[in-house]
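Scroll down for the structure; my scribbles are underneath it.
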There are 2 protein chains.
Amino acid sequence: MFSQTVEYALRAVAFLGGQAPEARTTDQIAVATRVPKAYLSKVLQGLSRGGVVHSQRGSGGGMTLVKKPEELTILEVVNAVDPICRIQTCPLGLASHGTRLCPLHKRMDKVLAQAEETFRSTTLAEILAEPSESVPLCDFPGVVSRSVS
Amino acid sequence: MFSQTVEYALRAVAFLGGQAPEARTTDQIAVATRVPKAYLSKVLQGLSRGGVVHSQRGSGGGMTLVKKPEELTILEVVNAVDPICRIQTCPLGLASHGTRLCPLHKRMDKVLAQAEETFRSTTLAEILAEPSESVPLCDFPGVVSRSVS
DNA sequence: ATTGAATTGGATGTTGTTGTCCAATTGTCG
DNA sequence: CGACAATTGGACAACAACATCCAATTCAAT
């Protein structure tokens, strides 16, 4: 139900958020998140255009989060690469349905609305801080995920 | 976020539920739901294999719902053609994560769980009966959707 | 200025979804 | 039985998603 692109984008952001504020290279992110390097670069381009990450070229460059984890919602990440598109009008194009959705599409849109809300109300910081048996992207349960550099 | 296949399947089922219990031909469904005929036949095959509809060949044949609308949930339809696949294990394949999801994937799975629940708790009958400005698949607001035959 | 590190963009390949077409099959009806 | 109606299955085409590769560009550091 979620695209690979979304999955990859969230992993990348989770990694960046768990690291020191210094820039991380695409290669570093790819290794840590187990995402194919070449494709990850495309995903990161999307995140960059969407204003989620900042990219810096040249030696010492790499990717950094634009916002602090406390201010970055999952929804922003998702929407940057694969926007949740609410059902606005009748997909059948029935003129009479206009803006009002029929009961069927109301249910489908409800699911989209729930997804939006769940993602909007979750910040990256929450995900990183949440006590859990397994830390995001980290192979050692309960261990604080910190820089390897 | 939803596949075309799911959209088409739901339209087809909504149409069948709004009709008399007699079988409806793929052509009839295609016209009524504005779904490409040839592709619809594939979708209906899926619904048939999934036990949602029954198909009858030959003259006078066509598609019928297996269950009564009151007993058919939207989830059954969705799962027949494009199953909602919950996140069971860590997508990174980290051994240590095992069955426990990290906070990130917990959130993603939560959305899937919400979708499942919304669809599970909605029957076709509810969708057909719900008072609305626009009846499913019907071009005339407020008009009861009934057989054209 | 030169070198090396890093992103960027384009071209390309691969796979899955969507969609079409048609012959074969199975059934009803007269 | 014969004619017709309908699904079934397979092959195929178009397009988007996923993925790879490489040359060009940009920038820091020396």
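By convention in this document, chain letters (A, B, ...) are assigned in the order of the sequence lines, proteins followed by strands, and residues within each chain are numbered from 1.
The side chain to side chain donor-acceptor pair (under 3.5 Å) test applied to B/N79 returns no partner, not counting sequence neighbours. Residues passing the salt bridge (Lys or Arg N to Asp or Glu O under 4.0 Å) test with A/R86, sequence neighbours excluded: A/D109, A/E116. Annotation: side chain to side chain donor-acceptor pair (under 3.5 Å) contacts of B/T118 (sequence neighbours excluded): A/Q114. Under the side chain to side chain donor-acceptor pair (under 3.5 Å) criterion, A/S3 pairs with A/D82, sequence neighbours left out. Residues satisfying the side chain to side chain contact (heavy atoms under 4.5 Å, CB included) criterion with B/T89, sequence neighbours excluded, are absent altogether.
Put simply, CG on B/D27 is 7 Å from P on D/dT7, counting in whole angstrom units. Note: CD (B/Q45) to C1' (D/dG10) measures 10 Å, nearest angstrom. The nearest whole Å value for the distance from the CE atom in B/M1 to the C1' atom in D/dA16 is 18 Å. Atom-to-atom, CG of B/L47 to P of D/dT7 comes out at 13 Å; the value is rounded to the nearest Å.
Screening residues 3-15 of chain B for salt bridge (charged side-chain N to carboxylate O under 4.0 Å, His left out) gives B/E7-B/R11 as the qualifying pairs, with residues at least two apart or on separate chains. Residue pairs that meet the ring-ring contact (aromatic ring centres under 6.0 Å, His included) test with at least one member in residues 103-123 of chain A, sequence neighbours left out, are A/F2-A/F119. Note on residues 57-72 of chain A: pairs passing side-chain hydrogen bond (donor to acceptor under 3.5 Å, both in side chains), not counting sequence neighbours, are A/K67-A/E76.
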Scoring nucleotides 24-30 of chain D by protein non-hydrogen atoms under 4.0 Å (B base, S sugar-phosphate only, - none) yields -BBBS--
Each nucleotide N or O in nucleotides 17-19 of chain D that has a protein N or O under 3.5 Å away: list the pair and distance.
residue: D/dC18; atom: OP1; partner: A/Q4; partner atom: N; Å: 3.0
residue: D/dC18; atom: OP2; partner: A/T5; partner atom: OG1; Å: 2.8
residue: D/dA19; atom: OP1; partner: A/Y8; partner atom: OH; Å: 3.3
residue: D/dA19; atom: OP2; partner: A/Y8; partner atom: OH; Å: 3.1

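For DNA chain C, the contact window with chain B, defined by any atom under 4.0 Å from a protein heavy atom, covers C/dT18 to C/dT28 in 5' to 3' order.
Closest approach of B/M63 to B/L16, counting heavy atoms only: O-CD2, 3.5 Å.
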Determine all donor-acceptor pairs shorter than 3.5 Å in which one atom belongs to a side chain in residues 30-44 of chain A; sequence neighbours excluded.
residue: A/T33; atom: OG1; partner: A/I29; partner atom: O; Å: 2.6
residue: A/Y39; atom: OH; partner: A/T5; partner atom: OG1; Å: 2.8
residue: A/S41; atom: OG; partner: A/A38; partner atom: O; Å: 2.7

